[in-house]
There are 4 protein chains.
Amino acid sequence: MKRSIRQIQKDETREKLLSAAHIVFGQKGIMAARMSDIAEAAGVSHGTVFVHFKTQETLVAAVIDDFGIRMGQRTHDMARNSGSLRDVLKAHLEGIREDEAFYTQLVIETRSLPPIARETMISIQSAVSFHINQAAQREMDAGVIKPMSMALLFNTWIGLVHYYLTNRDLFSPEKSVIETCGSMLIDHFMHMISSAN
Amino acid sequence: MKRSIRQIQKDETREKLLSAAHIVFGQKGIMAARMSDIAEAAGVSHGTVFVHFKTQETLVAAVIDDFGIRMGQRTHDMARNSGSLRDVLKAHLEGIREDEAFYTQLVIETRSLPPIARETMISIQSAVSFHINQAAQREMDAGVIKPMSMALLFNTWIGLVHYYLTNRDLFSPEKSVIETCGSMLIDHFMHMISSAN
Amino acid sequence: MKRSIRQIQKDETREKLLSAAHIVFGQKGIMAARMSDIAEAAGVSHGTVFVHFKTQETLVAAVIDDFGIRMGQRTHDMARNSGSLRDVLKAHLEGIREDEAFYTQLVIETRSLPPIARETMISIQSAVSFHINQAAQREMDAGVIKPMSMALLFNTWIGLVHYYLTNRDLFSPEKSVIETCGSMLIDHFMHMISSAN
Amino acid sequence: MKRSIRQIQKDETREKLLSAAHIVFGQKGIMAARMSDIAEAAGVSHGTVFVHFKTQETLVAAVIDDFGIRMGQRTHDMARNSGSLRDVLKAHLEGIREDEAFYTQLVIETRSLPPIARETMISIQSAVSFHINQAAQREMDAGVIKPMSMALLFNTWIGLVHYYLTNRDLFSPEKSVIETCGSMLIDHFMHMISSAN
DNA sequence: TATGAATGAGTATTCATTCAT
DNA sequence: GATGAATGAATACTCATTCAT
C-alpha cells in the first residue's frame, strides 16, 4: 500500500528525530538544546521538527516518555533475572548504562522540565525500588543485611548512583561512569548494608 | 576622604547585589534568574548590576565565590567542635541549612555554570571530606564503624544528602529538607556504616 | 475515453476546492484562511490544492472570478424582472444575499487582494449600477425621485448596503443582514430620494 | 532634574513610535505592518519597540486609543461651531481628514483587530452621531429636511463617507478623498435629505 | 492525479549588555 | 557611581510551496 510506505517513512523521520533529540539532550542538556540542533542532528530541516512535534515541550515530553517506556521495560526484565539484591543492583545499573547520558541530564534537569519528566522519574524509581526492596527484604529477613528502613536503603543507593552520574567529570571523564565505577559501587553498597563486617 | 564615602557606598551596593542574587538564585535557579530580577531584588537599577559585575557570568562567579568562602569558614569552624563523626555530620548539615536553597541550586546547576562553580563545589567538598574522613578514620580505627574506603563513605553521605536536597518536593515540600530529614539521615547513615547491627 | 473520466474527476476536485474556499473565505476571511483549511474543508489533501492552483493567489483569484461570474449572471437576470427602481434594489440585495458572507469579506479585503479582486468588484458594481441607473433615470424623468447625480445616487446605495454588511455584528449578529435589514434599507433609500416628503 | 530629562526622552521615543506606527499603519495596514517596519520608521532599533510596548497588540491598542482620544477631542470641538447640519457634516469630514489614512485602515480592519478597535470606532461614531442627530432633528422639526429615522440618516452618511474613503483609488487616487470629494458629498447628502426638490 | 511529508523564509519576543545622562 | 533607555543577537513557531511516492 502507498499508505504504509509513506507512513513508514514518516515514522522513520519521527524516530530519527526522537533518537537525535535523545542524543543531543544527553550532550547539551535538555532545555539547552535548540530545536535547530535537533533538526540538524536528525538530518532534517528546522521546519520538519514541527511537523512531528507541535512544540518544543511536546518533543521533550515525547523523548522522556519514550525513555520512560524503555526503562520500564528494562526494569520489568530485571524481575526475571531477579535473584539476589546484588543481581538487582547490577541489573539496575545496566539499565541506566544504556541511556547514561540522557538519564543523567534528566536527573539534573527534572525540576525545570514539563511535569511528565518528574512523573517519569518517579515512575521509574518506583519500579526499581519495588525490585530492590523485595530482594533486600529477603536478605534482611535472612539476616544477611542489616535491618533498616527500606526507603532509606533505596534512597541511599539512588543518591550514590546519581552522585556518581552527575559528577562524571570527577569519576570517569572519558567514559561511562557506570562502566568505570559500577561494580565498585555495588560492592561498596553491599558491604555497607551487610550485617557482617 | 570623599573617596572612601563613595567607596563605602559602592561596597554597600555590591553587597546588596550579592545578597539579592544569592536569594534570587536560590528561588528561581541560577541561570534562570534574569539580571533585571536581581537588580529589582537589590533595589537598584538594571544598569547598576553591570557597574559592579561586567557580565552575568562575573556576577554568578562572585556569588558562588562568596558562598564558597562562607562555607569554607563554616567548615573550618566545624573543626573546633569536631568530636565524633556524628557531630561532624551534624555540623555539615547545619552549614548547608544556612544556605539550603542556594546550595541546592548549585548542586543542580553546577555543570551549566562557569568553572568557578565546579571548583567551589570541589573545594567545599574537599574541606568537608577532610573533616569527615578524620572523624570516620578515628572511629573506624576504634572499630566502631566498618572498615571501608574513605572516599566511598564520603560519597555515599554526600549522595544521600544531595538526593534529599534536590528532591525536596518529595521529602519536605513546605520547609527545609535538612530540618525535616536531617537527623533521620544522620541516624540512618551512622547505622549503616556502624560495625554493630 | 479514460482521459475524460480523469478530466471529470479533476474538474470535480477543482469545483470542490472552489466551493470549499468560497465558504471558508466567507467564514475566516480571505487572506486569513490557510491553504490547509481549504484542503480540509474540501476533503482533499493539502498538496492537492496546489495541483489545481499553483499559488494561493491563483486560488483566491479563481474563487473571486467564479464569484464575479455568478454575480454577473444574477445581475443580468435582474434585467428581465427589471421594472421599478425598488424592484432593482430588491434584486440587487437578493443577489448579494446568496453569497453574503463571501461578498462581505470581499468588500472588506479588496485592497489587500490580487488586482482581480478590485477588477471583479468594479465589474460587479458597474453592471449593478447600469441597471439601477436605468431604473432611477426613468423615475427621475417621471418626477418620482429627486433629480441628482446618478453616480452619487448609486454610491449612496452601495455605501449604505456595504456599511450594513460590514457591521453585521451591530445590525444582525445572528443572521443575514440582508434578511434582517434589507427591506428597511430599500424603504429608507427610496424615501430619501423620493421627490415627495 | 535628571529624572525629567530621561523621562522626556523616553516619552519622545514613545511618541515617535506611536507617530511612526500611525503613519505606517495608514500606509501598509495595521496588521500587515511588521514591528520592525515601525522601528525603522521611528528610527529606533527593533528591540526598542518592545521596551515601550510589551506586545504588538499593546502597540496597536495604544495607537488606536491615541487616535480615539484625538477624534473624541475633535468631535467635542465640533459642538462649539455647531450651527447647521451642514456645518456638523463639514466638521465631521474635517476631523477625519486629519487622520484620513489611518481612519480608513481602521474602518477596513476593525474586525480583525483587538476589541479596543471596535470599541473605539463605536465610541467615535456615537459621539459624531449625537451631534449629527441634534442638528438634523432641529432642521427636521423646522421642516427643512425630510422626516426620517435618525439612525438611518446617520448610517447613510457614514456609509457614504466610508465608501468613498475605502475606495480612494476610484475617487481620488492622488490625494485625500475628503479634500477631493468632501464638499460634493455634503452637497449631495444635504440635497438628498432636503424636503425641497 | 492525489497525497502529505519535508522545506525554509519570515516574525514576534526575550534579555544580556551598552552608553548617554 | 547610578540610572534606565536603547540595542541587537538569538530562537520557537507558522505556513505557502515543493516533490517523492
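Letters A, B, ... mirror the listed sequences (proteins, then strands); counts begin at 1.
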Original post:
With a 4.5 Å heavy-atom cut-off, do I38(D) and F25(D) have their side chains touching?
Top reply: yes

Subject >> Polar side-chain atom of R111(C) near backbone of Q105(D) as donor-acceptor pair, under 3.5 Å >> reply: no

Original post:
Sub-3.5 Å donor-acceptor pair from the side chain of E109(A) to the main-chain atoms of M31(A), do we have one?
Top reply: yes

Original post:
Which whole-number value in Å describes the distance from L59(A) CG to dT11(F) C1'?
Top reply: 15 Å

**OP:** Return the value, rounded to whole Å, for the distance between atom CZ of R34(B) and atom P of dT17(E).
**Re:** 15 Å

**OP:** Can you label the angle between the F102(A) ring and the F67(A) ring as parallel, tilted or perpendicular, going by 30° and 60°?
**Re:** perpendicular

Original post:
For T58(C) and T55(C), does a side-chain donor sit closer than 3.5 Å to a side-chain acceptor?
Top reply: yes

Original post:
So what's the dot-bracket for DNA chain F: Watson-Crick or G-U pairs under 3.5 Å, [ ] if a pair crosses, | if it pairs off-strand?
Top reply: .||||||||||||||||||||

Original post:
Quick one: which of dA16(E), dT13(E), dT3(F) gets closest to the side chain of M35(B)?
Top reply: dA16(E)

Original post:
Which of the following nucleotides, dT7(E), dA2(F), dA5(F), is nearest to the side chain of V44(A)?
Top reply: dT7(E)

Original post:
Among residues 12-22 of chain C, which residues get a heavy atom nearer than 4.0 Å to DNA chain F?
Top reply: none

Subject >> R6(D), nearest nucleotide to its side chain (from dA20(E), dT21(F), dA16(F)) >> reply: dA20(E)

Subject >> H52(C) side chain, from C-beta outward: closest of dA2(E), dT14(F), dT17(F) >> reply: dA2(E)

**OP:** Please state how far atom CD in Q56(B) lies from atom P in dC15(E), giving the value in whole angstrom units.
**Re:** 11 Å

**OP:** Using atom CD of E57(A) as one end and atom P of dA12(F) as the other, report the distance to the nearest whole Å.
**Re:** 14 Å

**OP:** Measure from the side-chain heavy atoms of V51(D) and tell me the nearest of dA12(E), dA6(F), dA16(E).
**Re:** dA6(F)

Subject >> Listed nucleotide nearest any side-chain atom of T48(B), set dT17(F), dA12(E), dA2(F) >> reply: dA2(F)

Subject >> Nearest-neighbour nucleotide for the H46(C) side chain, dT13(E), dA16(F), dT3(F) considered >> reply: dA16(F)

**OP:** Please report, rounded to the nearest Å, how far the P atom of dG10(E) is from the CG atom of D37(D).
**Re:** 13 Å

Original post:
Nearest to the side chain of K10(A) - dA2(F), dA5(E), dC13(F)?
Top reply: dA5(E)

**OP:** Go through the steps for V107(A) and T166(B) under the test side chain to side chain contact (heavy atoms under 4.5 Å, CB included), then give the verdict.
**Re:** CA-CA 9 Å; V107(A) 167; T166(B) 56; over 6 Å; no

Original post:
Hey, what do you get for OG1 (T104(A)) to CG (D99(A)), rounding to the nearest 0.5 Å?
Top reply: 10.0 Å

**OP:** Map G47(B) and S36(C) onto DNA chain F by nearest heavy atom, then report which one ends up closer to the 5' terminus.
**Re:** G47(B)

**OP:** Nearest whole angstrom, please: distance from the C1' of dA10(F) to the NZ of K28(A).
**Re:** 13 Å

**OP:** May I ask you to decide if I116(C)'s main-chain N or O and T120(C)'s side chain share a donor-acceptor pair within less than 3.5 Å?
**Re:** yes

Original post:
Can you name the closest pair of heavy atoms from S45(D) and A39(D) and give their distance?
Top reply: O-CB, 3.7 Å

**OP:** Measure from the side-chain heavy atoms of S45(C) and tell me the nearest of dT13(E), dT3(E), dT18(E).
**Re:** dT3(E)

**OP:** Might you work through the side chain to side chain contact (heavy atoms under 4.5 Å, CB included) test for F53(B) and V60(B), ending with a clear yes or no?
**Re:** CA-CA 9 Å; F53(B) 305 96; V60(B) 169; over 6 Å; no

Original post:
Atom CZ of F53(C) and atom P of dT17(F): how far apart are they, to the nearest Å?
Top reply: 13 Å

**OP:** Output yes when at least one side-chain N/O atom of Q9(D) is less than 4.0 Å from OP1 or OP2 of dA5(F), else no.
**Re:** no

Original post:
If you pin T55(D) and V49(A) to their nearest nucleotides in DNA chain E, which one's is more 5'?
Top reply: V49(A)

**OP:** For I38(A) and dT11(F), give me the distance from atom CD1 to atom C1', rounded to whole Å.
**Re:** 12 Å

